2 protein chains.
Amino acid sequence: MARTRAKDYDDKALSILHRSAELFAASGYVGTSMNTIADACGVSKALLYHYYPDKEAILFDILSSHLQELVAAVEQANAAPGEPVQRLRTIIGTLLELYRHADAEHQVQIASLKLLPKDKREPLLASERILVGIMSDALAAAVPAAKQKRVLKPLAMSVFGMLNWHYMWFREGGPMTRTDYADFVVRLVLAGADEAVAAVTRPRGKGKSASRSRQAELL
Amino acid sequence: MARTRAKDYDDKALSILHRSAELFAASGYVGTSMNTIADACGVSKALLYHYYPDKEAILFDILSSHLQELVAAVEQANAAPGEPVQRLRTIIGTLLELYRHADAEHQVQIASLKLLPKDKREPLLASERILVGIMSDALAAAVPAAKQKRVLKPLAMSVFGMLNWHYMWFREGGPMTRTDYADFVVRLVLAGADEAVAAVTRPRGKGKSASRSRQAELL
DNA sequence: CCTACCGATCGGTAGG
DNA sequence: CCTACCGATCGGTAGG
């Protein structure tokens, strides 16, 4: 009788992906050998090639599953009912929470997505664009001044900068929780965006924002 | 008589560094061979080893010269006279301006600094800590609420997040100049920081910041 | 005839 | 400053 697919096949495939992501994050994609991956996963190299046709497929699947998880969660957060500000907060909090157990995948995305050939890279960049699009829409809805085309992208990318850079310094058990930092970023953006947008859209010298702070005047 | 060092020796060494940085940024450190570097620089591989003892020395020198340039410029900006807010603006503007011609070096710093062995990595991390220290001091001076130990690091790292992420989206000739974006970031931080700091330091529910915005109330 | 898995080794290329 | 190579290790595949 033919052997059926092992019932832990998918579990094993996923655990290989995560372990590989950790190795890629530490030593780089090219700097991590298939032998190293096999050893770290406690399987033979031949078994590795049973799960994935080649090394490139491992990198692609790491990033594909990571980005699809982000897109699905952010789309759900975006579809939830509520005020625009609350939606923005949920989106940002969701991203930071997903990063909790995806630090390696996140670093691989930043350092190694570009190493894939164009046909494998393109669908991943499309997922990234979906995330940027949802964040931009949420910002435009929550921050009136952000609707201006000239500043929406810089504002959205500033938010992604803060979120995507957090792996460099954020440590679990520090003085701020992830939820704290999500609130921190949201409030920074909400309170600061009108001012920042006004600064780069009005003519030099005279401002017309009623809420400009004393410090902003000094610029 | 012994040959003297060629008068363009240092120029050539620097151009090799920059070309290597571009290759490392595109294909990764391990993914770029010494033969590729030699070909791209129009020199033999043997000449490459005349300038640098090994591949690791090229990576180290790329990052060392890049970070020393950043530290020197930021220290000078920090030492200039003027109001704290103006000093913060100068520091942020200086960093964005230096990144103009150091995109490759910047990407190599993010993706490949970690690949160096500890003894080579440590002095580079020390330079990074100097930059973070100056930025933190400038923020503490310009933003009263930022002085609280619990929030100074998150605020400083949020600023570095925005600045260090800009290579992912900022394009020369777009609607915003580098100076525009520097202003944008400074005003975002100045106007938003008091609010953001209050959010994560006060007890839950009730706030006491007089300047809380309508949007912030909704959180 | 299928999938699951092993020990051993392939042709090429890496840094030096 | 070059060509000619080295010891080792790479990603990937063979037979069973």
Side-chain angles (χ1 to χ4, degrees), chain A residues 1-17 19-63 108 111-112 114-117 119-121, chain B residues 1-17 19-21 23-24 26-63 108 111-112 115-117 119-120:
Chain A
M1 182 177 168
R3 287 170 70 179
T4 55
R5 171 168 285 196
K7 59 180 182 298
D8 64 346
Y9 183 94
D10 291 332
D11 284 352
K12 196 144 213 164
L14 282 176
S15 89
I16 290 174
L17 276 194
R19 194 79 191 86
S20 299
E22 291 177 336
L23 295 168
F24 291 167
S27 307
Y29 169 67
V30 186
T32 304
S33 74
M34 291 296 270
N35 279 318
T36 300
I37 295 173
D39 288 350
C41 295
V43 300
S44 67
K45 193 161 66 167
L47 182 56
L48 216 52
Y49 280 97
H50 173 67
Y51 284 100
Y52 297 101
D54 52 33
K55 195 185 181 187
E56 204 173 271
I58 297 179
L59 176 57
F60 179 82
D61 275 19
I62 288 170
L63 298 176
V108 173
S112 303
K114 65 163 84 94
L115 301 180
L116 285 168
D119 61 314
K120 294 233 179 61
R121 197 172 57 231
Chain B
M1 184 179 168
R3 288 170 67 181
T4 55
R5 173 169 284 195
K7 60 180 182 297
D8 65 345
Y9 183 96
D10 291 331
D11 284 351
K12 196 142 212 165
L14 282 176
S15 88
I16 289 173
L17 276 194
R19 194 79 192 87
S20 299
L23 294 168
F24 290 166
S27 306
Y29 170 67
V30 186
T32 304
S33 73
M34 291 296 269
N35 278 320
T36 300
I37 294 173
D39 290 350
C41 295
V43 300
S44 69
K45 195 162 65 168
L47 181 56
L48 218 50
Y49 279 96
H50 173 66
Y51 283 99
Y52 299 100
D54 52 33
K55 194 184 181 187
E56 204 173 271
I58 297 180
L59 176 57
F60 179 82
D61 276 20
I62 288 169
L63 297 176
V108 173
S112 303
L115 301 180
L116 285 168
D119 60 314
K120 294 232 179 61

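Everything numeric in this text was worked out from a predicted model, so none of it was measured. Below, chains carry the letters A, B, ... as their sequence lines are ordered, and counting in each starts from 1.
- With A:Tyr29 as the aromatic partner, A:Lys55 meets the cation-pi criteria of under 6.0 angstrom to the ring centre and within 45 degrees of the ring axis.
- Other residues, nucleotides and ligands contribute over 12 non-hydrogen atoms within 6.0 Å of the NZ atom of A:Lys114.
- In this structure, OH of A:Tyr52 is placed 17 Å from P of D:dG11, rounded to the nearest angstrom.
- Nucleotides C:dC5 and D:dG15, compared at atom C1', are 13 Å apart to the nearest Å.
- Nucleotides D:dG12 and C:dA8, compared at atom P, are 22 Å apart to the nearest Å.
- At least one donor-acceptor pair closer than 3.5 Å links the side chain of A:Thr32 to the backbone N or O of A:Leu23.
- For the pair A:Lys45 NZ and D:dC10 C1', the computed distance is 8 Å after rounding to whole Å.
- If you measure from atom CD of A:Glu56 to atom P of D:dC10, you get 18 Å, rounded to the nearest angstrom.
- Heavy-atom distances to DNA chain C give each of A:Leu47 and A:Asn35 a nearest nucleotide, and the one nearer the 5′ end belongs to A:Leu47.
- Residue contacts for A:Thr32: at a heavy-atom cut-off of 4.0 Å it reaches the sugar-phosphate backbone alone, with no base atom in range.
- A straight line from CG of A:Leu48 to C1' of C:dC6 spans 14 Å, rounded to a whole angstrom.
- Comparing C:dG16, D:dT13, D:dT3 by their closest approach to the side chain of B:Lys55 singles out C:dG16.
- A donor-acceptor pair under 3.5 Å is absent between the side-chain atoms of A:Tyr52 and the main chain of A:Ile16, judged by distance alone.
- For A:Ser33, taking side-chain heavy atoms from C-beta onward, the closest of the listed nucleotides D:dC10, C:dC5, C:dG16 is D:dC10.
- If you take CD1 of A:Ile37 and P of D:dT9, they are 17 Å apart, rounded to a whole angstrom.
- Mapping B:Met34 and A:Ala46 onto DNA chain C by nearest heavy atom places A:Ala46 at the nucleotide closer to the 5' end.
- The shortest distance between the side-chain N/O atoms of A:Ser44 and the OP1/OP2 oxygens of C:dC5 is not below 4.0 Å.
- A:Tyr51 places its OH atom 18 Å from the C1' atom of D:dG12, with the value rounded to the nearest Å.
- The shortest distance between the side-chain N/O atoms of A:His50 and the OP1/OP2 oxygens of C:dA4 is below 4.0 Å.
- Put simply, CG on B:Leu14 and OH on B:Tyr51 are 10.5 Å apart, with the number rounded to the nearest 0.5 Å.
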